[in-house]
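Nothing here was measured: the structure is a model prediction, and the numbers come from that model. Residue numbers count from 1 along this sequence.
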Amino acid sequence: MEQKLRTIAEEALQAANTAESLEQLNDIRVKYLGKKGSLTQVLRGMGSLSAEERPRIGQVANEVRAQIEAALNEKVSAVKEKEKQIRIRAERIDITLPGRPVTLGKKHPLTAVTEEIQNIFLGLGFNIAEGPEIEHDYYNFEALNLPKDHPARDMQDTFFITDEVLLRTHTSPVQVHTMEKTAPNLPVKIIAPGKVYRRDDDATHSPMFHQVEGLAIDRKITFSDLKGVLQIFAEEMFGEKTKTRFRPSYFPFTEPSAEVDISCVMCAGRGCRVCSHTGWLEVLGSGMVHPRVLEMSGYNSEEVTGFAFGMGVERIAMLKYGIDDLRLLFDNDLRFLEQF
Ligand code: DAH
C-alpha cells in the first residue's frame with residue numbers, strides 16, 4: 001500500500017510538473033486528490049490494514065497529499081505568474097513614444113482680416129451693424145441716391161431676383177437701415193461687415209465677396225474726421241509708416257467723394273510691380289454722406305453731416321498677405337490656408 005501511495009505521488013508530481021494551464025492543474029487535483037481521486041481510493045482500503053500499519057500508512061498518505069498539494073499550489077502560482085507576464089507584455093504602452101500631434105484649425109484669412117478691421121473700428125468707438133444679403137432695390141440703390149434709371153447703377157453688375165429684390169451689391173444699404181432705425185438720434189457710428197454679390201468672376205473679382213462699410217453721422221462731422229479715421233485705420237492695418245492719399249472720385253451717395261490710396265505695402269511707395277510703379281494702392285471708397293441720403297432716411301441735412309466709406313475685405317487681405325489671385329481665398333486648399 002505504501003508503494004501504491006508513493007507511485008501516486010510520483011505520477012501526480014510528474015503531471016503537475018508538465019502541466020501548462022490552470023485547467024490542467026485543476027484536472028490533476030481532481031484526478032488525484034478529489035473525492036473519487038486515486039489517493040482517496042487507496043485510503044478507502046485502509047480498513048484492511050493491521051492496527052500497527054494503519055498509523056504509518058496514514059502518515060505516508062498525509063505526506064503524499066501534502067506533497068501533491070504543495071506541488072500543485074506551486075505550479076498554480078507559476079502558471080498565474082507566467083500568464084500575468086504575458087498579459088503585461090501584451091498591454092505594454094511605450095510611454096516614451098512622442099504624442100501624435102493634433103491638427104489645430106485656424107481662422108480663414110478673410111475671417112482674420114475682417115476681425116482685425118472690426119477691432120480697429122471698435123477701438124475708435126464704432127459699433128457693428130448688420131443687414132440682409134437679399135435686399136430691396138430701395139435700400140441697395142434708391143435710398144443711396146441711385147434712382148431706377150441712374151447710370152451709376154452700371155458700376156455694380158447686379159444679380160436681380162425680381163425687379164424689386166436683389167442680392168446686395170455692397171454693404172452700403174446697411175447705412176440706410178441703420179439711419180432709419182436711429183433717426184433723429186445722434187451720433188451714428190457703425191461699421192457693417194458682410195457678404196456682397198456682383199456678376200463678376202476673374203482673378204481679381206468673385207461673384208461673392210466681402211465688404212466693410214463705415215458710417216458716422218453727427219453735428220459738425222467734417223472731411224478731416226474722415227481723413228483722420230482712415231489714416232488711423234491704414235496705420236493699424238498696414239503699419240505705422242503707411243501714408244494715405246485721397247483722390248477726388250464719384251459715388252452717388254457721397255459728395256464730395258474720394259478714393260483712398262495707401263502707400264504701397266510692398267515697396268513703401270518707391271514703386272514696384274504690385275503698385276504698377278505708382279507707389280500707391282487703392283484700398284477703399286469714401287466721402288461725405290450726400291444730403292439727399294441723409295434726408296431720405298430721416299436726418300436733417302441742415303443740422304447734421306456724416307462721412308461714409310466702404311472697403312473690400314478680399315482686397316485688404318490680398319495686400320496685407322501679398323496674395324496675387326483672389327480665387328485662392330475661396331479654393332479651400334489647405335496648402336494655401338495653412339500659411340496664415
Ligand atoms: N459702396 C461702394 C462700392 O461698393 C463703396 C463705398 C464708397 C461705400 C463710398 C461708401 C462710400 O460708403 O462712401 O463700391
In the structure I gave you, are the side-chain heavy atoms of [X] and [Y] within less than 4.5 Å of one another anywhere?
X: Arg29; Y: Asn73; value: yes
X: Met288; Y: Ile221; value: yes
X: Cys264; Y: Cys272; value: yes
X: Lys220; Y: Thr305; value: no

Does [X] come within less than 4.0 Å of [Y], counting only side-chain N to carboxylate O?
X: Arg199; Y: Asp157; answer: no
X: Arg6; Y: Glu63; answer: yes
X: Arg56; Y: Glu2; answer: yes
X: Arg247; Y: Glu282; answer: yes
X: Arg168; Y: Glu213; answer: no
X: Glu116; Y: Lys320; answer: yes
X: Arg335; Y: Asp333; answer: yes

**Fill in**
The ring-ring contact (aromatic ring centres under 6.0 Å, His included) partners of Phe126 (sequence neighbours excluded) come to Phe121

Is there a path of hydrophobic side-chain contacts, each under 4.5 Å between heavy atoms of I, L, V, M, F, W or Y residues, that connects [X] with [Y]?
X: Ile262; Y: Val212; result: yes
X: Leu39; Y: Met1; result: yes
X: Leu33; Y: Leu13; result: no

**Asked** About how many Å separate NZ of Lys31 and CG of Asn26, when rounded to the nearest 0.5 Å?
**Response**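 With rounding to 0.5 Å, CG (Asn26) is 13.5 Å from NZ (Lys31).
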
**Value rounded to 0.5 Å, distance of CG in Asp261 from NZ in Lys243** = 13.5 Å

**Asked** Between Phe340 and Tyr321, is the ring centre distance below 6.0 Å?
**Response**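 Aromatic pair counts; centres sit under 6.0 Å.
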
**Asked** Linking Ile, Leu, Val, Met, Phe, Trp and Tyr by side-chain heavy atoms under 4.5 Å, what else ends up with Ile190?
**Response**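 Noted: Ile190 shares its cluster with Tyr138, Tyr139, Phe141, Leu144, Leu146, Met155, Phe160, Leu166, Val176, Met179, Leu186, Val188, Leu215, Ile217, Phe251, Phe253, Val289, Val293, Leu294, Met296, Tyr299, Val304.
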
**Request:** Report the hydrophobic cluster partners of Val196, with the cluster defined as I, L, V, M, F, W, Y residues connected by side-chain heavy atoms closer than 4.5 angstrom, directly or transitively.
**Result:** Phe209

**Aromatic Phe246 / basic Lys227 pairing, under 6.0 angstrom, 45° off normal** =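 Satisfied, under 6.0 Å and within 45°.
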
**Item:** Exercise: do Gln175 and His170 side chains pair donor with acceptor under 3.5 Å
**Value:** no

Are the side chain of [X] and the backbone of [Y] linked by a donor-acceptor contact shorter than 3.5 Å?
X: His108; Y: Leu329; result: yes
X: Thr111; Y: Lys107; result: no
X: Asn119; Y: Glu115; result: yes

